[in-house]
Amino acid sequence: MVQLKQQTYGAYIQDCYGVDGEGELTDFMARKGGDLILGGRLNLSELARGYGAPLEVVYTPQITAQVTRMGAWAEQARLRSEYPGRFLYAYATKANFAAEAVQTALRAGAHYETSAAADVIIAHSLFRQGQLPDDRLICCNGSKEPNYIDAIRGLRLDGCEGVVPVLDDLDELEALIDTPLPLRFGVRERAAGNRDGRHPGNDRFGLSIDEIEAVAARLAGTRHELAVYHAMIGSQVEDEAHFLATLRDSVLGYCRLRRLVPSLRYFNFGGGIPTTGYRLGFRFDYAGFLTRLMATIRETCAAYDVPAPDLIGEFGRYTVATHSVYLLEVGATKPGQPGQPDWYLVNGSMMVSLPDSILVEGQEFVILPLSGWDRPVKPVRLAGRRTCDSDDVYPRPGCAPLMLPDSGAGLILAICGVGAYQQMISGRGGAHHCLSPEPGRVIVSEEDGRLVSRYVPQQDQVTIMRLLGYQPQPVPAPLIFDRPAREPMPFRAAAGPARRRISLRQPRLLRQVATGD
Ligand SMILES: *Cc1c(COP(=O)(O)O)cnc(C)c1O
């Protein structure tokens with residue numbers, strides 16, 4: 001430690017990660033002439049000089065680069081493993097629904113993976129505008145409420161052949177089977193979700209083998225077909241050998257099912273491909289992973305005497321984590337308690353801007369100083385100066401402190417890897433994770449001894465789309481959030497705006513007031 005105190009930040013980085021203070025730091029960030037450069041072209045130091053901090057920088061060409069690179073690695077992998085099938089890159093939009101992120105991924109050639117009704121309606125709108133071309137698949141995952149089912153059906157009936165409901169429950173099949181146009185279905189293998197015991201939350205998705213066979217039997221002889229076998233094992237899976245070993249059983253599952261179901265022709269491994277945005281020095285051999293996965297699939301299919309499928313990956317984090325960066329400025333230093341690192345009080349909030357820092361145990365982000373690389377390095381913790389919340393600190397208590405230059409006030413930090421999930425979970429602008437609409441609200445107060453209520457309707461689709469930067473287009477799908485949650489109550493007599501009023505069981509006590517937001 002004594003020696004560390006003398007060491008400069010630049011030398012520390014060199015020692016720990018083998019990267020110089022000049023040139024590439026990661027596969028998305030470099031340092032040139034003392035400035036930090038994102039994606040080889042965007043000068044963050046200059047942006048900080050121009051706009052100051054706090055600032056969120058959104059650099060969409062990085063998304064294009066991520067999609068394009070993966071396409072090239074997959075092509076390499078296909079050649080090396082002599083894989084006969086195609087590789088399809090899908091963007092898992094729940095990682096970042098912002099219009100610029102989704103539209104950039106689509107322009108780079110990505111297919112589309114949805115997680116919610118509102119998501120399908122956005123896809124529908126993009127389909128109508130020609131931004132989501134006919135040749136793209138739209139894989140619809142997750143448990144499907146009636147409005148999600150309606151949105152899928154609406155998209156198919158509007159002529160979109162690429163929409164693939166991936167069944168999470170047998171009821172979903174029953175709800176969709178009378179769709180008058182042929183649908184391609186997928187099944188999600190439940191066993192994959194928590195096969196390794198590391199992802200208990202994943203255990204709720206998908207179907208058992210028996211249920212998958214029931215789907216195949218139910219679809220036989222209908223106008224529909226079973227086309228996709230979906231098996232997702234986790235997210236940010238950094239251990240390649242583990243990733244492959246865990247998927248192997250799902251490949252077997254595919255082959256067995258393919259023997260029964262000749263229409264099956266896609267194997268979809270879902271998400272899990274890691275981003276490099278969370279830890280300096282983290283590397284993942286993307287091309288090697290795909291080569292070994294394709295070789296495994298090819299060999300297993302040969303052993304089962306079935307054709308190798310087209311391979312689909314649904315890339316969430318990998319696509320968008322690195323395209324955005326927060327710049328935060330240290331406003332003051334506060335000494336730590338004896339033996340503890342100092343606090344760097346920053347002009348923002350980790351809780352607000354990086355919610356995974358408190359939600360996901362051990363979640364890290366690459367954090368780089370814009371200046372001070374020749375200053376002595378020292379251990380610090382960041383604290384959000386704009387909140388009075390003791391949880392607004394990074395790294396979390398119990399995790400090792402950050403090593404940063406000792407410059408203190410005025411130091412600007414680039415917090416990288418924030419482009420996936422963070423904005424959605426923090427509800428930036430008012431759109432939320434998986435676009436979950438804010439529920440209606442009844443606000444009841446007392447006036448002159450009487451209870452008075454005010455009702456704010458549930459957030460609607462048009463609002464959500466505007467918040468994300470889309471120009472909502474009318475689609476022929478049903479107005480999904482207008483569906484009453486329950487049977488109309490006695491007082492709901494009027495049509496039109498009054499439908500939004502609440503009905504209360506004690507109308508004498510509570511006066512109804514309909515309001516917009
Ligand atoms: C969230 C999700 C993804 C994306 O996962 P990442 O690990 O962020 O790539 C892909 N597929 C499904 C079904 C998902 O739920």
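What you see is a predicted model; the values in this text were computed from it and never measured. All ligand and atom numbering here is 1-based and tracks the order in the structure.
Close approach of ligand 1 to N141 (heavy-atom distance below 4.0 Å) involves ligand atoms 13 (C). Near R188, with a cut-off below 4.0 Å to any heavy atom, the atoms of ligand 1 are 13 (C). Under a 4.0 Å criterion applied to the non-hydrogen atoms of A92, ligand 1 contributes the atoms 3 (C), 4 (C), 10 (C).
Nearest non-hydrogen protein atom to atom 9 (O) of ligand 1 is G316 N, 2.8 Å. The nearest protein atom to atom 7 (O) of ligand 1, hydrogens excluded, is given as S235 OG, 2.5 Å; this is a heavy-atom distance. Ranking protein heavy atoms by distance to atom 11 (N) of ligand 1, first place goes to E314 OE1, 2.7 Å. For atom 10 (C) of ligand 1, the nearest non-hydrogen atom of the protein is G271 N, 3.4 Å. In terms of protein heavy-atom proximity, atom 3 (C) of ligand 1 is closest to K94 NZ, 3.5 Å. In terms of protein heavy-atom proximity, atom 12 (C) of ligand 1 is closest to M232 SD, 3.3 Å.
Not less than 6.0 angstrom separates the ring centroid of Y326 from the ring centroid of F365. For Y89 and F315, the distance between ring centers is under 6.0 angstrom. The six-membered or imidazole ring of H111 lies away from that of Y91, with a centre-to-centre distance of 6.0 Å or more.
In this structure, R188 is positioned above the aromatic face of F205, its NZ or CZ under 6.0 Å from the six-membered ring centre and within 45° of the axis.
Backbone and side-chain nitrogen or oxygen atoms of R317 are examined, and one is located within less than 3.5 angstrom of a nitrogen or oxygen of ligand 1. Note: no N/O pair closer than 3.5 Å links Y318 and ligand 1 by distance alone. Ligand 1 has a nitrogen or oxygen under 3.5 angstrom from a nitrogen or oxygen of G272.
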Is there a salt bridge (charged side-chain N to carboxylate O under 4.0 Å, His left out) between D27 and R69? Walk through the geometry before answering. CA-CA 11 Å; D27 63 358; R69 270 184 212 172; 3.5 Å; yes

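None of Y278, Y286, F289 except one satisfies the ring pair (Phe, Tyr, Trp, His ring centres under 6.0 Å) rule with Y318; the exception is Y286.
At least one heavy atom of Y421 sits less than 4.0 Å from an atom of ligand 1.
Side chains of Y394 and I367 form a contact here, defined as non-hydrogen atoms less than 4.5 Å apart.
Between F269 and F243, the angle of the ring planes goes over 60°, which puts this pair in the perpendicular group of the 30/60° scheme.
How far CG of L435 is from CD of Q461: 7.5 Å, rounded to the nearest 0.5 Å.
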